[in-house]
Amino acid sequence: MFYDVVHRVVPPLLRAVWRPDVQGLENVPRTGGVILASNHLSFVDSVVIPSVAPRKVVFLAKSEYFTGTGVSGAIQRAWFEALGMLPVDRADTKSALESLDVALEVLRGGDAFGIYPEGTRSRDGRLYRGRTGAAHLALTAGVPIVPVGLRGTERIQPIGSNIPRLVKVHVEFGTPIDPRGRYDGMPLGKARRLLTDEVMQAIRALSGQEEAGVYNERPADA
């Protein structure tokens with residue numbers, strides 16, 4: 001119920017304040033399991049995408065967001081749950097692997113799952129090489145991937161700033177990439193890599209970012 005309340009308030013408020021330029025909504029299937037694979041520029045990306053998408057999108061979030069105590073902790077936990085986020089301990093390898101099982105449950109339940117193939121947000125604005133988790137999910141669950149390109153979200157609240165800024169945000173949903181039947185007979189590792197690279201090229205075309213050509217490693221304090 002809180003999810004419904006939040007989604008009656010947040011999208012209109014976001015549109016009124018930040019006036020996001022949203023394109024390609026027709027590319028997001030309204031029903032059935034689907035992966036929304038996006039570039040990652042800011043922690044607010046996981047709020048922006050669910051707020052403008054035409055359906056509920058489930059994202060994974062740091063488990064610390066769900067473990068706060070007191071009234072503020074309860075409010076924060078309810079907020080992230082209402083946005084469709086599920087907790088994951090990023091420092092725990094076993095938990096990270098289990099998160100893929102959670103994602104598969106979401107997809108097999110006919111819902112949309114959001115993921116950042118880069119693994120962590122870009123701190124220099126470049127698009128980093130994609131990790132193969134999204135491809136693994138798409139090939140295992142037999143669902144399409146919709147590439148998403150974000151622009152401007154890194155300027156909403158830059159590192160070191162405590163107050164969100166009024167900046168123009170662009171969100172574009174690209175043409176779905178359906179892997180079903182395309183990699184039959186191919187070694188799974190190769191199929192995942194090829195699909196991942198195709199998705200990243202689609203994201204680059206939408207976001208206009210320069211390619212880094214390497215993986216993005218998470219800072220020790222992130």
Side-chain angles (χ1 to χ4, degrees), residues 22-41 45-46 48-50 52-60 84-86 88 93 96-122 126-151 170-217:
V22 184
Q23 300 179 30
L25 287 175
E26 69 278 4
N27 289 321
V28 181
R30 297 310 195 262
T31 60
V34 64
I35 297 169
L36 303 186
S38 175
N39 60 325
H40 196 13
L41 299 170
D45 296 342
S46 298
V48 171
I49 293 175
V52 302
R55 57 184 294 189
K56 180 178 179 180
V57 182
V58 176
F59 274 93
L60 297 181
M85 297 186 189
L86 299 174
V88 60
T93 301
L97 291 174
E98 290 175 349
S99 70
L100 292 176
D101 293 332
V102 173
L104 285 173
E105 289 182 15
V106 170
L107 295 169
R108 287 168 174 161
D111 294 319
F113 183 78
I115 191 171
Y116 305 113
E118 293 171 276
T120 189
R121 66 184 176 88
S122 171
R126 295 186 297 168
L127 183 68
Y128 284 80
R129 195 176 189 210
R131 301 179 187 275
T132 59
H136 164 74
L137 293 173
L139 290 167
T140 303
V143 299
I145 299 176
V146 173
V148 183
L150 299 173
R151 302 188 190 201
H170 300 267
V171 185
E172 185 168 359
F173 299 93
T175 303
I177 298 172
D178 194 337
R180 288 172 287 194
R182 293 177 52 195
Y183 302 99
D184 294 347
M186 183 182 295
L188 186 54
K190 182 178 180 180
R192 290 173 178 168
R193 186 72 260 165
L194 288 175
L195 178 55
T196 298
D197 291 344
E198 181 180 355
V199 170
M200 297 309 295
Q201 284 301 312
I203 292 174
R204 186 197 64 77
L206 296 169
S207 69
Q209 290 170 277
E210 173 190 349
E211 290 181 286
V214 296
Y215 291 112
N216 193 7
E217 300 299 334

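What you see is a predicted model; the values in this text were computed from it and never measured. Side-chain atoms are counted along with the backbone in the values below, which use heavy atoms only and exclude waters and symmetry mates.
Once rounded to the nearest 0.5 Å, the distance linking NZ of K190 with OH of Y183 reads 10.5 Å. Taking OG of S207 as the start and CD of E172 as the end, the distance is 10.0 Å to the nearest 0.5 Å. The distance from the CG atom of D45 to the CZ atom of F59 is 8.0 Å, given to the nearest 0.5 Å.
Considering all non-hydrogen atoms of both residues, P144 and V34 come closest at O-CG2, 3.5 Å. Nearest heavy-atom pair, G174 versus V146, reported as atom, atom and distance to 0.1 Å: O-CG1, 3.5 Å. Here the closest non-hydrogen pair linking I177 and A202 is CD1-CB, 4.2 Å. Heavy atoms only, all atoms of each residue included: N39 and L150 are closest at OD1-N, 2.7 Å. Counting all heavy atoms, side chain and backbone alike, P117 lies closest to I115 at CD-O, 3.5 Å. Closest non-hydrogen pair, T196 versus G130, comes out as CG2-O, 3.4 Å.
Inter-residue side-chain proximity for S38 and I49 is flagged as met; some heavy-atom pair is nearer than 4.5 Å. Side chains of L127 and M200 form a contact here, defined as non-hydrogen atoms less than 4.5 Å apart. Residues F113 and V143 form no side-chain contact, since every pair of their non-hydrogen atoms from C-beta on lies 4.5 Å or further apart. The shortest distance between side-chain heavy atoms of R182 and L194 does not fall below 4.5 Å. Considering only heavy atoms from C-beta on, V22 comes within 4.5 Å of F173 through its side chain. Counting heavy atoms from C-beta on, the side chains of Q201 and D197 never come closer than 4.5 Å. Two residues are said to be in side-chain contact when any heavy atoms from C-beta on lie closer than 4.5 Å; P147 and L206 meet this criterion.
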>> Under the criterion side-chain contact (heavy atoms from CB on, under 4.5 Å), I'd like the reasoning laid out for I145 against L195: C-alpha separation, chi angles, the key distance, then a yes or no.
In response: CA-CA 10 Å; I145 299 176; L195 178 55; 4.2 Å; yes
>> Under the criterion side-chain contact (heavy atoms from CB on, under 4.5 Å), I'd like the reasoning laid out for D111 against E105: C-alpha separation, chi angles, the key distance, then a yes or no.
In response: CA-CA 9 Å; D111 294 319; E105 289 182 15; over 6 Å; no
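A salt bridge is absent between E217 and R129; no separation between the charged side-chain nitrogens and carboxylate oxygens falls under 4.0 Å.
Using a distance-only test at 3.5 Å, with no hydrogens or angles considered, a donor-acceptor pair links the side chain of R180 to the main chain of G142. Without hydrogens or angle criteria, R30 side chain to V28 main chain gives a donor-acceptor distance under 3.5 Å. Although no hydrogens or angles enter the test, the distance criterion places a donor-acceptor pair under 3.5 Å between the side chain of Y116 and the main chain of S46. The backbone N or O of H40 sits nowhere less than 3.5 Å from a side-chain atom of R121 that would complete a donor-acceptor pair. Side-chain atoms of N216 never come within 3.5 Å of backbone atoms of E118 as a donor-acceptor pair (strictly under, hydrogens ignored).
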